[in-house]
Amino acid sequence: MSDLVAARRARLAALRERGVDPFAATRYDVTAHAAELASKYAELPEQGRAEAQTWSLAGRIMSARGQGKVIFFDLHDRTGRFQLFVRQNDVGEEAFAIAKEIERGDIAGASGFVFRTKTGELSLYVRSLEVLGKSLQPLPDKWHGLQDVEKRYRRRYVDLIVNPAVRDVMIARSKIVAEMRRFIDAHGFYEVETPTLLTIAGGATARPFLTHSNALDIPLSLRIATELYLKRLIVGGMERVYEIGRIWRNEGIDRTHNPEFTMLELYAAFWDVQDMMRFNEELMAHLARSVHGTETVMYGEDAISFATPFRRMDYLGAFKEFAGIEREQLLDPDQCFALLREHGIPDSPSHAHALDKLFEKIVEPHLLQPTFVYGYPVVLSPLAKRMKDDPQLTERYELFAAHMELANAFTELNDPDDQRRRFELSIAEKESGDEEVPPPDWDFVRALEYGMPPTAGIGIGVDRLVMMLTNNASIRDILLFPLQRPLPADATDDDDDEGPAAGT
RNA sequence: GUGCCUGUAGCUCAGUCGGUAGAGCAGUAGCCUUUUAAGCUAUUGGUCGCGGGUUCGAGCCCCGCCGGGCACACCA
């Protein structure tokens with residue numbers, strides 16, 4: 001099995017015997033990329049030779065087709081594929097002998113001019129060829145690529161080499177995040193960075209990852225949200241702040257959950273949740289346009305239109321519309337628990353949990369097109385401001401599309417006394433066994449006591465947004481390195497049974 | 001955590017009724033000065049995820065373990 005590695009090491013030795021050390025190169029003057037040459041010379045006629053201009057390409061050799069005194073290589077760079085043509089008569093015997101040692105997977109630089117082969121393929125007529133790196137591991141099948149999903153996640157570098165679609169998704173992700181920043185920055189927001197190591201991990205209900213500071217000799221948690229720190233900045237007068245940051249939650253792993261994921265949280269002083277709704281839909285439409293050039297994106301079998309305005313739906317009204325459920329049945333805990341049984345849902349530990357389960361069962365299936373669901377009960381929303389004329393509900397919405405939650409936003413609670421009471425209630429919940437309720441952050445209450453302007457805030461799951469905009473059903477396919485259980489074999493995976501003795 | 005599915009050569013996959021391991025590509029040795037999944041000839045390569053069990057005999061049947069996928073649970 002290490003036969004293949006041994007064969008490659010033999011090629012390495014052969015190169016060194018010819019005075020070429022593939023690991024010696026430190027740089028290469030790249031003057032063109034594959035896609036640039038392809039478009040620049042698209043009009044080059046049959047048998048055409050653009051000898052006046054010399055170009056240098058660099059990348060990975062993905063195919064080597066030797067044909068006697070001539071070799072064709074496929075070179076892949078980050079823009080695509082370009083064919084190299086190496087002819088012994090033109091490069092000389094010594095250089096040709098070196099070229100013959102180059103194999104699939106090696107890194108090479110080539111310079112020459114662009115021409116069309118007999119079959120009409122635009123190619124580089126190579127005048128000089130340099131080995132810039134040696135691949136000692138065999139690559140997967142050139143036709144089938146790497147299909148084994150486990151191996152694709154564990155060795156993402158191989159996946160990226162042989163499956164161009166993966167690279168495209170990751171580039172799309174990069175663009176989405178960059179566009180997100182551009183859009184937000186253009187609205188006068190400051191990007192900030194708040195701590196990830198916390199003594200109290202609040203702002204959401206989730207189990208944190210625990211760690212320890214040696215210097216301070218105290219336990220610490222990784223953050224589960226950025227909310228409470230960003231709102232401290234609003235108290236501090238920064239007015240418009242956001243953070244695109246990693247969040248950790250020590251919970252289940254599945255198609256839509258990874259223990260670490262990326263969240264956009266954004267806060268705007270003097271906005272309310274309605275202002276945020278408009279900002280939110282504009283942002284989504286902008287991102288859809290920048291990725292697809294249109295507001296309509298395919299997700300699985302469904303065409304999702306992010307054209308503004310999005311549909312608005314009332315939280316209580318949705319239950320009424322889809323299942324004839326009345327307000328009191330939801331807001332009264334006992335009636336709500338009765339509804340659970342009525343709809344065949346297992347018992348819930350809390351009123352809030354029961355409401356979530358009912359929503360999932362009754363409302364979510366109807367939320368294919370982007371929809372703002374507005375007016376969540378206060379029991380579900382410990383950090384949101386109550387509605388003026390209906391204090392059992394809050395000025396909060398969630399945005400759904402393709403039955404997935406994409407955003408959560410509300411007018412922020414800025415009454416410190418109300419906030420204190422809600423924290424006190426959460427202590428009771430925690431004591432009654434709900435381990436996911438975070439301990440209260442009393443310093444945050446003190447911050448509110450200094451006075452926080454009316455403020456709207458929003459959280460957007462970046463990973464899910466990327467899933468939607470790139471049409472991927474699993475979060476692992478939009479993360480470069482999704483968490484995998486380590487293999488015991490990983491430590492001793494390599495069999496270096498031959499060693500450097502093979503080299504010269 | 002539970003259920004279902006899954007793990008065979010570097011990669012992609014076959015493997016019948018339980019009868020002693022196969023193909024293509026890759027690799028190796030040749031031939032070939034316009035190929036492109038190059039071609040032609042020859043050829044190497046296996047802890048069938050791991051450990052037990054049943055059997056004259058296990059890739060195949062049974063049990064346990066490990067990894068992965070999906071669903072549920074948990075959770076945004």
Side-chain angles (χ1 to χ4, degrees), chain A residues 1-8 10-11 46-47 62-74 81-91 96 103-105 115-123 125 135-155 158-159 161-163 204-207 224-225 247 249-259 261 263 345-346 348-349 353 356-357 359-360 364 380 398-400 403-408 434-436 459-465 473-477 482 484-490 495:
Chain A
M1 63 179 77
S2 68
D3 279 4
L4 293 171
V5 174
R8 287 179 165 265
R11 294 281 194 111
E46 295 290 317
Q47 312 288 316
M62 292 303 288
S63 170
R65 298 179 294 281
Q67 203 180 349
K69 305 288 189 290
V70 142
I71 306 174
F72 293 88
F73 292 108
D74 285 344
R81 182 191 83 98
F82 208 77
Q83 180 169 267
L84 310 180
F85 175 76
V86 183
R87 190 164 168 263
Q88 191 182 61
N89 289 13
D90 295 291
V91 299
F96 193 76
E103 58 193 328
R104 176 175 152 84
F115 79 116
R116 277 197 195 277
T117 62
K118 271 185 187 162
T119 54
E121 175 156 358
L122 219 47
S123 306
Y125 202 107
S135 170
L136 297 172
Q137 293 283 350
L139 286 178
D141 192 286
K142 63 181 163 188
W143 195 243
H144 300 97
L146 188 63
Q147 302 296 327
D148 182 321
V149 290
E150 181 181 354
K151 213 160 266 180
R152 287 185 46 226
Y153 299 145
R154 290 190 192 278
R155 303 192 188 176
V158 179
D159 193 26
I161 291 169
V162 297
N163 294 329
T205 52
R207 247 169 270 231
I224 56 172
I247 303 292
R249 295 186 182 175
N250 204 343
E251 285 164 355
I253 300 175
D254 65 23
R255 240 181 50 215
T256 55
H257 298 84
N258 193 66
F261 61 100
M263 180 105 93
I345 303 167
S348 281
H353 186 266
D356 270 339
K357 290 290 130 189
F359 186 88
E360 217 171 86
E364 253 186 49
L380 280 180
E398 291 195 337
L399 170 63
F400 291 84
H403 318 294
M404 269 201 301
E405 183 207 327
L406 286 184
N408 175 25
D434 194 342
E435 290 176 37
E436 276 152 13
I460 297 179
V462 172
D463 307 277
R464 288 184 185 182
L465 182 59
S474 170
I475 195 170
R476 295 182 199 99
D477 291 323
Q484 297 282 297
R485 191 180 290 277
L487 293 175
D490 267 0
D495 21 14

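In what follows, every chain begins at residue 1, and chains take the letters A, B, ... in the order their sequences are listed.
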Just to be sure I understand the rule, does Glu251(A) reach a base, reach only the sugar-phosphate, or reach nothing, if contact means heavy atoms closer than 4.0 Å? sugar-phosphate
Whole Å only: how far is the CD1 atom of Ile253(A) from the P atom of G69(B)? 9 Å
Output the single nucleotide from C11(B), C74(B), G68(B) whose closest atom is nearest the side chain of Pro140(A). C11(B)
Side-chain contact check for Thr117(A): nearest option of U34(B), U28(B), A37(B) is U34(B)
Respond yes when some side-chain nitrogen or oxygen of Lys118(A) is under 4.0 Å from OP1 or OP2 of U35(B), and no when none is. no
Atom pair distance, as rounded to whole Å: NE2 in His403(A) and C1' in C75(B): 19 Å
Any luck finding a side-chain donor-acceptor pair between Asp477(A) and Tyr153(A) under 3.5 Å? yes
Compare all side-chain heavy atoms of His144(A) with those of Val162(A) and state whether any distance is below 4.5 angstrom. no
Go through C74(B), U12(B), C75(B) for me and flag the one nearest to the His257(A) side chain. C75(B)
Contact class for Gly145(A) vs. all strands (heavy atom < 4.0 Å): base, sugar-phosphate, or nothing? sugar-phosphate
Regarding Glu360(A), tell me which of base, sugar-phosphate or nothing describes its non-hydrogen contacts under 4.0 Å with the strands shown. base
We want to know whether Asp356(A) and His353(A) form a side-chain donor-acceptor pair, criterion being a heavy-atom distance below 3.5 angstrom. no
Among the candidates G27(B), C11(B), U34(B), find the nucleotide nearest to the side-chain atoms of Leu4(A). G27(B)
Which part of the nucleic acid does Arg116(A) contact within heavy-atom distance under 4.0 Å: base, sugar-phosphate only, or nothing? nothing
Atom CZ of Arg249(A) and atom C1' of C74(B): how far apart are they, to the nearest Å? 13 Å
If the C1' atom of U6(B) is compared with that of U44(B), how far apart are they to the nearest Å? 30 Å
